[in-house]
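What follows is a single structure, written as C-alpha cells, with notes after it.
Fair warning: this is a prediction, and the values are worked out from it, not measured in the lab. The analysis underlying the following values was restricted to heavy atoms, covering all of them including side chains, and did not include hydrogens, waters or symmetry mates. To find a chain, count down the sequence lines: A is the first, B the second, and so on, and within it residues start at 1.
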Number of protein chains: 4
Amino acid sequence: MQSRTPAARTGRPRSAAADAAILAATRAALVELGWSKLTLGDVATRAGVAKTTLYRRWAGKNELVVDAVAELFDELELPDRGSLAADVEGVVLQFAAILARPEAKSGLMAVVAESTRDAALRARIRGSIVERQMRLVLEGRARAQRRGELALEGDPAEAARTGELIFDMVAGAVVHRTLVSGNQADEEWVRGFTRVLLLGLTAPSA
Amino acid sequence: MQSRTPAARTGRPRSAAADAAILAATRAALVELGWSKLTLGDVATRAGVAKTTLYRRWAGKNELVVDAVAELFDELELPDRGSLAADVEGVVLQFAAILARPEAKSGLMAVVAESTRDAALRARIRGSIVERQMRLVLEGRARAQRRGELALEGDPAEAARTGELIFDMVAGAVVHRTLVSGNQADEEWVRGFTRVLLLGLTAPSA
Amino acid sequence: MQSRTPAARTGRPRSAAADAAILAATRAALVELGWSKLTLGDVATRAGVAKTTLYRRWAGKNELVVDAVAELFDELELPDRGSLAADVEGVVLQFAAILARPEAKSGLMAVVAESTRDAALRARIRGSIVERQMRLVLEGRARAQRRGELALEGDPAEAARTGELIFDMVAGAVVHRTLVSGNQADEEWVRGFTRVLLLGLTAPSA
Amino acid sequence: MQSRTPAARTGRPRSAAADAAILAATRAALVELGWSKLTLGDVATRAGVAKTTLYRRWAGKNELVVDAVAELFDELELPDRGSLAADVEGVVLQFAAILARPEAKSGLMAVVAESTRDAALRARIRGSIVERQMRLVLEGRARAQRRGELALEGDPAEAARTGELIFDMVAGAVVHRTLVSGNQADEEWVRGFTRVLLLGLTAPSA
DNA sequence: AAATAAACGAGACGGTACGTCAGGTCTTGAA
DNA sequence: TTCAAGACCTGACGTACCGTCTCGTTTATTT
C-alpha cells in the first residue's frame with residue numbers, strides 16, 4: 001500500500017496485522033459514522049492501534065479511505081456470460097451492488113470531492129479504483145470484438161476515446177442513479193440502461 | 001431560500017443583502033480553498049457578516065454550500081436549437097461548463113457525499129439542484145416528441161422510467177468525465193456522447 | 001435611581017412599573033442563577049420588558065445588580081434597644097440575615113470584585129450600599145456616647161478614623177464569616193463578637 | 001495542584017513548566033485586565049500554551065484563579081516578633097500588602113462570589129487559601145498563650161470558636177477596609193485595629 | 001383632533017469568548 | 001525501530017451573551 005522499500009531490516013518490524021485491522025476499522029467507521037464524522041483517532045481505537053501507527057502508514061484521512069474503499073472493488077469480475085449484453089448487465093449489477101454498500105456510498109464521493117483539489121489524491125484514486133474499473137470495460141469490449149458484437153476501431157486514438165466514453169457512460173449512469181438520484185440500480189433499470197447503451201454503440205450511425 | 005413564512009412582522013427584519021453576500025462569499029471561498037478547507041467563520045468574514053447571522057439562516061456548511069452551488073445552475077437554459085441533437089449538445093455543453101468551474105467541482109460532490117447519510121440534505125439537493133436539471137431533460141424530450149424525433153410513450157410509468165434513465169445517463173456521464181475521470185467534456189466529447197445516446201434512444205430495438 | 005433630570009416633558013414617559021419589575025426580576029435571577037449565570041436578556045424576559053428598555057436605564061449588569069442588591073439593605077434599622085451591646089447585636093443580626101439571603105450572597109461580592117477596577121462602580125456601591133450601613137454605625141456610636149457608654153472623641157479626625165475602624169470591623173467580620181468562612185452568623189456568634197468588640201472599644205487602653 | 005495520583009506511568013508526561021507558566025500568566029492577566037475581562041484563551045496565549053492544555057488541568061476560570069491567587073499567600077509568615085501585638089501587627093501588614101496587589105484584589109473577591117453557589121469551589125478556596133491563613137492565626141494564638149499573653153481555654157470547642165472568631169475579625173476587617181471601603185490598611189490603621197482587637201481579647205469581661 | 005416625540009416590544013445585527021473536538025506531532029517507556 | 005499511550009499545539013466548531021440597531025406600535029404632551 002505504501003513503504004514499498006524492502007529494506008529496513010533493523011529495529012522492530014511493522015506489524016502486518018495492523019494494516020488489515022486499520023482498513024477494516026475504517027470501513028466499519030464509514031458504515032457507522034459516514035465520512036465526515038469518521039475520525040482517525042476513532043479508527044485507531046477500533047483497530048486497537050495507536051494513532052502514531054496509523055500516521056506512520058497513511059498521510060491522512062483521504063489516503064486511508066481511498067485504500068479502504070479500493071478493497072471493496074477487488075471483488076469486481078467479468079466472467080464470460082456468453083453475450084455482450086449479458087456481460088454488461090452482469091458487471092453493472094456487481095458495480096451497483098458495491099456502490100449500494102454504505103461504506104462505499106459514504107466514502108467514495110467524498111474522496112472524489114477532495115481529489116478535485118489534490119492531484120496526488122486524484123492519482124491515487126485513479127490508480128487504485130478507477131483504472132481497475134476501466135480495465136474491465138476494455139476487457140469486455142475486446143471480448144465483444146472477438147465475438148464480432150462490436151466493430152474494431154482502426155485508429156488507436158479513436159479506440160481510446162471510445163473506451164473512455166463507454167466507461168464514463170457506464171460508471172456515470174450507475175453512480176448518478178445510486179448516489180445523486182438516490183434510487184436503486186436494480187435488474188430492471190440495468191436491462192433498460194444496457195439496451196440503450198448497446199443500441200447506441202452498435203446501431204448504424206446513418 | 002429559507003423561512004418563506006410571510007408572518008413575523010415584528011422585530012428588525014432580516015437583511016436581504018446579507019443572504020446574497022454570504023452566498024457569494026461561499027462561492028469565492030470554494031474557489032480559493034475548496035470544500036474541506038472552507039470554514040463558516042471565514043465565509044462570514046468575507047461576507048462582512050457575523051457568524052451568528054450565518055447560523056441564523058443556514059443549519060451548517062452543507063446547507064449553505066447547496067444553496068451557493070444551486071445558484072450556479074440558474075443559468076441553465078434550453079433554447080430551441082432546431083434539432084434534438086443540437087438541443088442535447090447545447091445543454092450538455094452548458095452543464096459541463098458549470099461543472100468545470102472550481103466552485104462547482106469542489107462543492108457539488110462533497111454535498112452529494114454528505115447527503116448519503118442525511119435525508120434532509122438529500123431532499124434539499126434534489127429540490128434546488130437535481131430537479132431543476134431533470135426538468136430540462138423532460139422539456140427537451142417533450143420538444144423532441146413534438147418534433148417527431150422521439151416516440152411518444154403510451155404508459156406514463158414507462159415514460160417516467162425513461163425520463164429518469166435519460167437524466168441519469170446524461171448527468172452521470174458528464175459528471176463522471178469531469179470529476180472522476182478528470183477530463184474536460186469538450187465539444188468533441190459531447191458530440192460523441194450525444195451520438196451514442198440518441199442512437200440508443202431512437203434506433204429500432206431489433 | 002438614574003435620570004434625575006426633571007425635564008423631558010414631551011414624549012411617552014418612562015414606565016415606572018418597569019423599573020420595579022426589572023429590579024425584582026434581577027433579584028429573582030440572582031437567587032436562581034447566581035451572578036455569573038445571570039444574563040440581561042433573561043432578566044428582561046422575566047420582567048416582561050425588552051432588552052432596550054433595560055439598557056435605557058442601566059449601563060450594564062454591574063450597575064443593575066448594585067441597585068437590585070441595594071434595595072435589600074433598605075430594611076436595616078437601628079431601634080433603640082436600651083444598651084450599646086443590645087443595639088450592636090441587633091443590627092449585626094439584621095445585617096447577617098440580609099447577607100444570608102442568596103440574592104445578596106451572589107451579587108454583593110461580585111460587584112465589589114468588579115468595583116476594584118471601576119471607580120464609577122465603586123462610587124455607586126459606596127453611595128447606595130456602604131454609606132447606608134456606615135450611617136447606622138455612626139448613629140449607634142453617637143447614641144452610645146449620649147448614653148455615656150462610649151467616650152467622646154476630642155479630635156474630629158480621630159473620630160472619623162475610629163468610626164471607619166468600627167465599621168470595617170463590624171461589616172468585615174460578618175461578611176467574612178458568612179461568605180468566606182461559610183458559616184452562619186447566628187446569635188451565639190454575634191454575642192461573642194459583640195463582647196470582644198465592645199471590650200476593645202471601652203476597656204482602658206493601659 | 002491537581003492530579004496528585006502517582007499512577008499514570010504511560011504516555012507522555014504532563015509538562016511541569018506549563019503549570020507554572022499558566023499560573024504566572026493568569027496573575028499577569030489579572031493585573032492587566034481584571035477578573036471579568038480575563039479570558040482563558042488569552043491566558044493560554046500568554047503562557048505559550050494551547051487552550052486544551054489549560055482545560056486539561058483546570059475545570060475553568062474559577063479554579064484557575066484560585067490556584068493563581070493562592071500562590072500569593074505562600075509568602076505569609078509569622079516570625080516571632082517578641083509580643084502578641086507585634087506579631088499581629090506584622091502579619092496583618094503582610095496580609096494587607098498582599099491584598100493591595102491588583103492580582104489579589106481582582107481575583108479574590110470574584111472567586112469568593114462564585115463560591116457562594118459552588119461547593120467544590122468553596123472547598124478549594126478553603127483548602128488552598130483560607131486554611132493557610134487560619135493556621136497562622138492559631139499558631140499566633142498558641143505562641144501568645146505560651147508567652148502568657150492570652151488565657152488558655154479549657155473547653156476545646158470554646159477554643160475552636162474563639163479561634164474562628166479571631167480569624168474572621170482579623171481577615172474580615174482587613175479585607176473590608178481594602179476592598180469594600182477602598183482604603184489602604186496602613187501602619188496607623190493596623191496599630192489602631194490591633195489595639196482594639198487585643199483589648200477585646202484580653203480585658204476582663206467585667 | 002392632529003401632530004409631535006419619546007418609550008416600548010421584538011428581534012436581527014456585529015462581536016467576543018466560550019468549552020469541545022479533531023488533526024497531526026512529539027515524548028515517554030516497553031517490546 | 002516500532003509500538004501504545006497520551007500530552008501537546010493548532011484551528012474550527014456551534015452556542016451564548018453582549019450591547020446596538022432597526023422596525024412598527026403605543027402613549028403621552030403640545031398645538
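Nearest approach of A:Ala113 to B:Ser106, heavy atoms of both residues: CB-O, 4.5 Å. The two residues B:Val49 and B:Ala18 have their closest heavy-atom pair at CG2-CB, 4.2 Å. The two residues A:Leu40 and A:Lys51 come nearest to each other via the heavy atoms O-CG, 4.4 Å.
Of the two residues contacting DNA chain E, namely B:Gly48 and D:Asp42, the nearest-nucleotide position lying further toward the 5' end is that of B:Gly48. For the pair C:Gly41 and D:Ala16, nearest-nucleotide mapping onto DNA chain F gives the more 5' position to D:Ala16. With DNA chain F read from its 5' end, the first of the two nearest nucleotides for D:Ala18 and B:Ala59 is the one closest to D:Ala18.
Remark: nothing in residues 28-38 of chain D comes within less than 4.0 Å of DNA chain F through any heavy atom.
Taking atom CZ of residue D:Arg56 and atom P of nucleotide F:dT10, one finds them 13 Å apart after rounding to whole Å. Rounded to a whole Å, the CG atom of A:Asp19 is 9 Å from the P atom of F:dC3. A straight line from CH2 of A:Trp58 to P of E:dG24 spans 14 Å, rounded to a whole angstrom. Here the C1' atom of nucleotide F:dC9 and the CZ atom of D:Arg57 are 13 Å apart, to the nearest Å. In this structure, the CG atom of B:Asn62 is 12 Å from the P atom of F:dC13, given to the nearest Å. Distance B:Leu40 CG to F:dG11 P: 18 Å, rounded to the nearest Å. In this structure, C:Ile22 places its CD1 atom 11 Å from C1' of E:dC8, rounding to the nearest Å. D:Leu54 has its CG atom 15 Å from the C1' atom of F:dT10, to the nearest Å.
Within the 4.5 Å cutoff, the side chain of C:Val66 has no heavy atoms near those of the C:Glu63 side chain. The closest side-chain heavy-atom distance from D:Asp19 to D:Trp58 is below 4.5 Å. In this structure the side chain of D:Leu108 reaches within 4.5 angstrom of the side chain of D:Ile129, judged on heavy atoms.
Looking at heavy-atom distances under 4.0 Å, B:Gly60 makes no contact with the nucleic acid at all.
A sub-4.0 Å separation between OP1 or OP2 of E:dC21 and a side-chain N or O of A:Thr39 is absent. Note on B:Arg14: every side-chain N or O is 4.0 Å or more away from OP1 and OP2 of E:dA10.
Across F:dG14, F:dA7, F:dC9, the shortest atom-to-atom separation from the side chain of B:Tyr55 is found for F:dG14.
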Side-chain donor-acceptor distances from residues 28-39 of chain A under 3.5 Å, at least two apart:
| unit_1 | atom_1 | unit_2 | atom_2 | d |
| --- | --- | --- | --- | --- |
| A:Glu32 | OE1 | A:Arg46 | NH2 | 3.0 |
| A:Glu32 | OE2 | A:Arg46 | NH1 | 3.2 |
| A:Ser36 | OG | B:Glu114 | OE1 | 3.0 |
| A:Thr39 | OG1 | A:Asp42 | N | 3.1 |

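Judged as a side-chain hydrogen bond (donor to acceptor under 3.5 Å, both in side chains), and not counting sequence neighbours, the contacts of B:Arg27 are B:Glu71. With sequence neighbours left out, B:Ala123 forms a side-chain contact (heavy atoms from CB on, under 4.5 Å) with no residue at all. Residues passing the side-chain hydrogen bond (donor to acceptor under 3.5 Å, both in side chains) test with C:Glu103 are C:Arg101, sequence neighbours excluded.
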### Query
Tell me, for nucleotides 22-31 of chain F in 5' to 3' order, what letter each nucleotide earns: B for a base near a protein heavy atom under 4.0 Å, S for only sugar-phosphate near one, - for neither?
B---BBSS--

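One cannot find a donor-acceptor pair under 3.5 Å joining the base of E:dG14 and the side-chain atoms of B:Lys51.
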